[in-house]
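Each chain gets a letter, A, B and so on, in the order the sequences are listed, and its residues count up from 1. None of the values given here were measured: they were computed from a predicted structure.
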Protein chains: 2
Amino acid sequence: MPNPSPPPHPCGNCSFYTDSIWQPVSSGAMSTLSRGFTRQDLSAGQPLYHQDDDNRGVYCVSKGLIALRTHHMDGSSTLLRLAYPGEIIGFRSFLEFRPHRTEARALLTSRVCTVAQRDAQQVVQTNPSVLTRLASRCITEIDRNHDRIIAAAKTPNKLRLVGILQRLMTAHGTQIDNHLRMHLPLSRTDLADLLGVQTETVSRLLKRIQQDGTFQVSGREFQMPLPPPTRPAATG
Amino acid sequence: MPNPSPPPHPCGNCSFYTDSIWQPVSSGAMSTLSRGFTRQDLSAGQPLYHQDDDNRGVYCVSKGLIALRTHHMDGSSTLLRLAYPGEIIGFRSFLEFRPHRTEARALLTSRVCTVAQRDAQQVVQTNPSVLTRLASRCITEIDRNHDRIIAAAKTPNKLRLVGILQRLMTAHGTQIDNHLRMHLPLSRTDLADLLGVQTETVSRLLKRIQQDGTFQVSGREFQMPLPPPTRPAATG
DNA sequence: TTTTGTAATTGACCGGCGTCAATTTTTCCG
DNA sequence: CGGAAAAATTGACGCCGGTCAATTACAAAA
């Protein structure tokens with residue numbers, strides 16, 4: 001029989017109900033989820049977990065922006081992923097029963113929903129469809145990494161930077177007149193760790209981008225002309 | 001009940017029985033697998049499937065070397081993965097019911113084992129442990145891509161090239177005296193598509209690598225000193 | 001063998017980026 | 001406010017790699 005509207009849930013506006021790996025699920029698993037479910041609010045800069053931490057569950061970004069970063073032995077680091085609202089993080093260590101290979105840290109005031117490891121494992125083992133959807137997220141991640149590898153080989157750094165900024169603007173910018181304005185949540189170092197270049201290069205790239213008229217840049221304040229109302233496509 | 005030794009199987013020496021995503025599996029699924037199972041031998045240069053082809057199953061590299069490559073609109077291409085014996089390919093399009101995003105082509109005389117799509121789907125849907133192992137392969141792929149992204153950002157091209165060659169030598173080289181010798185199955189263009197550089201750069205990198213004494217290079221014939229089998233007394 | 005097309009190498013030139021250093025701007029506390 | 005620390009920018013310089021062009025090596029076909 002058709003489902004009535006789902007009951008209210010502590011996750012608030014996260015994708016737990018709408019675009020979730022957990023839904024639909026058996027009623028027994030549903031109660032397990034409700035039991036193991038928590039949510040937390042992070043202020044900008046606050047870590048969700050650290051590199052080499054043991055997995056504690058599966059996380060879903062509900063609001064804000066989470067950066068996944070690996071630290072290298074030489075002290076440098078690489079920003080491997082920006083997780084936007086609706087995205088799942090921590091699934092690698094969850095599925096493999098291994099420590100996190102990255103640290104997760106909020107770049108904006110963020111909300112994260114968690115299903116504790118024990119409960120998540122139970123649900124996954126009793127509801128194969130959840131595993132299917134988790135695998136689907138893995139493949140999305142593979143595709144994104146492939147895109148990034150291709151872009152690193154084929155796309156000039158200036159264009160790659162523009163792409164990153166445009167995505168951030170679209171997700172977290174505020175519309176003013178026919179412009180998008182944003183306080184960039186990433187430092188120049190973050191951008192450098194994302195592009196695989198040095199901070200000085202980021203400065204020069206931003207200068208050139210601004211001279212091209214693509215953006216107005218002032219410190220961490222960014223503004224870009226809003227393209228004519230484009231319909232956001234469902235597929236990424 | 002303890003398993004007796006597994007029955008013989010057309011896959012020959014591939015990892016179907018030893019390190020396989022399919023094993024262990026219910027006896028009903030076992031017969032499904034045997035039915036949908038095929039193997040094929042590819043000569044160097046022969047394609048296994050093409051970009052945008054519909055998925056026809058899950059493949060396992062049994063012998064040889066398979067290159068996964070995406071072709072770009074400008075006519076260039078990127079070599080996204082080298083699949084060595086024991087590795088699974090085609091799982092992305094299989095799990096997502098989508099066309100292949102890469103072409104798969106043998107670089108050496110190779111043997112590939114296939115489980116046809118319909119049968120593989122049936123087994124996956126009735127044996128969640130298979131899905132778990134497929135997800136594990138996905139995560140391995142994610143980790144490798146992360147390593148590649150990090151290497152592209154942090155490791156000089158010369159060292160990246162050395163790493164690629166060493167892996168190829170170890171897997172497909174033949175030992176002569178205390179050296180490893182190999183006929184490189186990749187063209188300079190292939191190496192360039194793997195590193196994200198131009199063929200001329202590959203030539204210059206190889207020259208420098210040879211001058212360093214790391215390799216002897218002559219056309220596609222490579223030779224490298226075999227690292228001494230870990231022995232405590234090193235210095236004379 | 002010779003021919004012919006492809007692959008590979010080499011050289012010249014130049015732009016982009018890493019590096020080091022100096023300066024300016026921003027941030028954060030007192 | 002003011003002052004220190006951190007972040008960001010700018011300049012100078014050299015190397016690496018892209019690009020174009022020319023040459024050489026190789027491999028398949030006649």
Side-chain angles (χ1 to χ4, degrees), chain A residues 43-46 67 69 72 74-79 105 107-108 149-162 164-165 182-212 215-222, chain B residues 43-45 67 69 72 74-79 105 107 149-162 164-165 182-212 215-222:
Chain A
S43 52
Q46 198 175 345
R69 181 192 305 266
H72 309 306
D74 65 355
S76 68
S77 65
T78 299
L79 223 165
R105 188 178 295 269
L107 293 178
L108 295 168
I149 289 169
I150 293 169
K154 298 279 168 195
T155 309
N157 288 334
K158 193 175 84 166
L159 288 182
R160 284 204 293 148
L161 180 53
V162 167
I164 291 166
L165 293 174
M182 175 186 63
H183 180 85
L184 185 73
L186 281 72
S187 67
R188 300 297 192 259
T189 303
D190 290 332
L191 290 173
D193 292 342
L194 203 47
L195 287 171
V197 299
Q198 300 300 116
T199 61
E200 297 93 329
T201 299
V202 172
S203 274
R204 291 175 186 124
L205 289 175
L206 286 175
K207 190 200 242 182
R208 283 168 51 197
I209 289 172
Q210 191 173 15
Q211 287 168 352
D212 292 352
F215 288 102
Q216 279 84 267
V217 184
S218 170
R220 291 198 187 181
E221 299 303 323
F222 281 68
Chain B
S43 52
R69 168 187 265 116
H72 310 306
D74 65 354
S76 69
S77 65
T78 300
L79 223 165
R105 187 178 295 269
L107 294 177
I149 289 169
I150 293 169
K154 298 280 168 194
T155 309
N157 287 336
K158 192 175 83 165
L159 288 182
R160 285 203 292 148
L161 180 53
V162 167
I164 292 166
L165 293 174
M182 175 186 62
H183 180 85
L184 186 73
L186 280 72
S187 67
R188 302 295 192 260
T189 303
D190 290 332
L191 290 173
D193 292 343
L194 204 46
L195 287 170
V197 300
Q198 299 301 117
T199 62
E200 297 94 328
T201 299
V202 172
S203 274
R204 291 175 186 123
L205 290 175
L206 286 175
K207 189 201 245 183
R208 283 168 50 197
I209 289 172
Q210 192 174 14
Q211 287 169 352
D212 293 352
F215 288 101
Q216 278 83 266
V217 183
S218 170
R220 290 197 188 180
E221 300 303 321
F222 282 68

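A donor atom on one side chain and an acceptor atom on the other are not found under 3.5 Å apart for A:Q198 and A:T201. Under 3.5 Å, the side chains of B:T78 and A:K154 contain no donor-acceptor pair of N or O atoms.
For the helix from C:dT1-D:dA30 to C:dG30-D:dC1, the rotation axes defined at the first and last 5 base pairs enclose an angle of 40°, given to the nearest 10°.
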Please report the C-alpha distance between B:L184 and B:L165 in whole Å, then the side-chain angles of each, then the deciding distance to 0.1 Å, and finally whether the side chain to side chain contact (heavy atoms under 4.5 Å, CB included) criterion is met. CA-CA 8 Å; B:L184 186 73; B:L165 293 174; 3.7 Å; yes
Quick one, A:S218 with A:E221, criterion side chain to side chain donor-acceptor pair (under 3.5 Å). Give me CA distance, side-chain angles, the key distance, then yes/no. CA-CA 5 Å; A:S218 170; A:E221 299 303 323; over 6 Å; no
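To the nearest angstrom, P of C:dG18 lies 10 Å from CG of A:L195. The nearest whole Å value for the distance from the CD atom in A:Q198 to the P atom in D:dG14 is 19 Å. Counting to the nearest Å, the P atom of D:dA8 and the CG atom of A:D193 are 12 Å from each other. Note: CZ (A:R160) to C1' (C:dC17) measures 12 Å, nearest angstrom.
Between D:dT10, D:dA7, D:dT19, one nucleotide has an atom nearer to the side chain of A:R220 than all others, and that is D:dA7. Looking at the side chain of B:E200, the nearest of the listed nucleotides D:dG18, D:dC20, C:dG18 is D:dC20. You'll find that the side chain of B:V197 is closest to D:dG18, out of C:dT19, C:dG18, D:dG18.
At a threshold of 4.5 Å between non-hydrogen side-chain atoms, the residues B:L194 and B:I164 count as touching. You'll find the side chain of A:L191 stays beyond 4.5 Å of the side chain of A:L205, heavy atoms only. Put simply, the side chain of A:R69 reaches to within 4.5 Å of the side chain of A:D190, judged on heavy atoms.
Of the residues in residues 183-192 of chain A, not one places a heavy atom less than 4.0 Å from an atom of DNA chain C. If you check residues 203-210 of chain B against DNA chain C, the residues with a heavy atom closer than 4.0 Å are B:S203, B:R204, B:K207, listed by number.
Considering every non-hydrogen atom in both B:A153 and A:G196, the closest pair reads CB-CA, 3.7 Å.
When atom types are taken as modelled, the side chain of B:R188 and the backbone of B:S203 share no donor-acceptor pair closer than 3.5 angstrom. Using modelled atom types, no side-chain atom of A:R220 and backbone atom of A:H183 make a donor-acceptor pair closer than 3.5 Å.
We find that B:K158 and B:D212 are joined by a salt bridge, their nearest charged nitrogen and carboxylate oxygen being less than 4.0 Å apart.
Neither OP1 nor OP2 of D:dC16 sits under 4.0 Å from any side-chain N or O of B:N157. Within the structure, every side-chain polar atom (N or O) of B:T199 is placed at least 4.0 Å from both OP1 and OP2 of C:dA7.
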